Amino acid sequence: MPAPVPIPQSEAELLQRATALAGHTLGAVAIHYGFGLPHTQRRQKGWVGVLLETLLGATAGNRPVPDFEHLGIEMKTLPTDEHGKPRESTYVSTCPMNGTLASSWEDSRVRHKMARVLWIPIVGTGPLHERLIGSPLLWSPSEAEEKVLRNDWETLTDIIVRGEVWNLNARHGEALQLRPKAANAKQLVWVHDEEGNPVQTQPRGFYLRPRFTHGLLKKHFGLS
DNA sequence: GTGTGATCATCT
DNA sequence: AGATGATCACAC
């Protein structure tokens with residue numbers, strides 16, 4: 001098994017490393033690094049993300065901080081079809097359902113995580129080992145993009161802060177949405193409803209809609 | 001139980 | 001087909 005990948009010391013080094021992986025299949029790089037390759041992701045949904053984090057020398061583990069903490073960079077794999085169209089939404093972070101919800105967009109987990117993101121497209125719809133690692137995109141939101149994210153975040157957190165539990169669903173938000181994020185639907189947390197009474201609801205997380213991530217790829221790679 | 005990494009399964 | 005709600009594995 002190859003030696004562990006060292007922590008990248010600069011953006012340039014990280015980007016160079018990611019670029020070196022581009023064009024290779026998941027199967028090839030997994031075998032090279034001694035990773036077992038699952039036939040399906042049915043029972044290993046986070047496998048691609050963990051593989052790429054390892055190959056790039058990420059450090060955060062499961063702490064709520066950027067993958068490359070000293071660089072302030074979050075890494076996200078982005079599964080796409082052959083044309084670079086995202087196949088899934090992108091998980092951003094959990095959403096605090098209690099009083100610890102950030103009081104402003106400026107202080108929010110979403111803004112901090114999205115401030116600098118290394119997107120790594122994973123291209124293809126066939127067997128996992130045949131899918132290609134795409135060209136990396138080191139991205140920060142444009143003014144327009146941040147405005148959309150901020151508006152969505154404020155809309156969503158407002159629902160929670162108001163205690164409108166009945167109104168929590170994935171239909172809100174142009175780019176950012178709230179969806180269940182837990183082991184299963186039986187996992188519940190206590191919150192306060194509109195009248196301040198304790199009620200239970202599912203834990204949620206923030207996700208980026210595919211339309212938004214598709215826009216990023218089109219803007220930077222000029223894909224149709 | 002809560003965080004990380006996400007995709008799966010189903011309905012419209 | 002696209003979106004929503006549900007679920008899987010692992011670390012701590």
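All values derive from a computational prediction rather than experimental measurement. Per chain, numbering begins at 1; letters A, B, ... match sequence-line order.
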Check your understanding: Ignoring hydrogens and geometry, is there a side-chain-to-backbone donor-acceptor pair from A/His192 to A/Val161 under 3.5 Å?
Key -> no

**Study point:** Pair A/Thr94-A/Arg109, side-chain donor/acceptor within less than 3.5 Å
**Key:** yes

Check your understanding: Okay, side chain of A/Arg150, backbone of A/Arg111: is any donor-acceptor separation there less than 3.5 Å?
Key -> no

Review point. Base, sugar-phosphate, or nothing for A/Arg204, non-hydrogen atoms under 4.0 angstrom?
Key: nothing

Revision key, fill the gap. Bounded by its outermost nucleotides with an atom under 4.0 Å from a heavy atom of chain A, the footprint on DNA chain C reads C/dG2 to C/dA11

Review point. Quick check: are there more than 12 heavy atoms from other residues, nucleotides or ligands sitting under 6.0 Å from CZ of A/Arg162?
Key: no

Check your understanding: Do A/Arg204 and A/Gln202 get their side chains close enough for a donor-acceptor pair, meaning under 3.5 Å?
Key -> no

Practice item. Scan A/Arg87 against the nucleic acid and name what it touches under 4.0 Å (heavy atoms): base, sugar-phosphate only, or nothing. Key: nothing

Review point. Side chains of A/Asp107 and A/His112: is there a donor and an acceptor less than 3.5 Å apart?
Key: no

Review point. In B/S/- notation, 5' to 3', how is nucleotides 2-7 of chain B contacted by protein heavy atoms closer than 4.0 Å?
Key: -BBBBB

**Study point:** A/Asp67, A/Leu26, A/Val29 screened by side-chain contact (heavy atoms from CB on, under 4.5 Å) with A/Leu52, the one that passes
**Key:** A/Leu26

Point to revise | 5' priority, DNA chain C, between A/Asn169 and A/Arg43 [closest heavy atom] | key: A/Asn169

Review point. Passes salt bridge (charged side-chain N to carboxylate O under 4.0 Å, His left out), A/Lys147 versus A/Glu145? Steps please.
Key: CA-CA 5 Å; A/Lys147 185 176 178 183; A/Glu145 288 160 346; over 6 Å; no

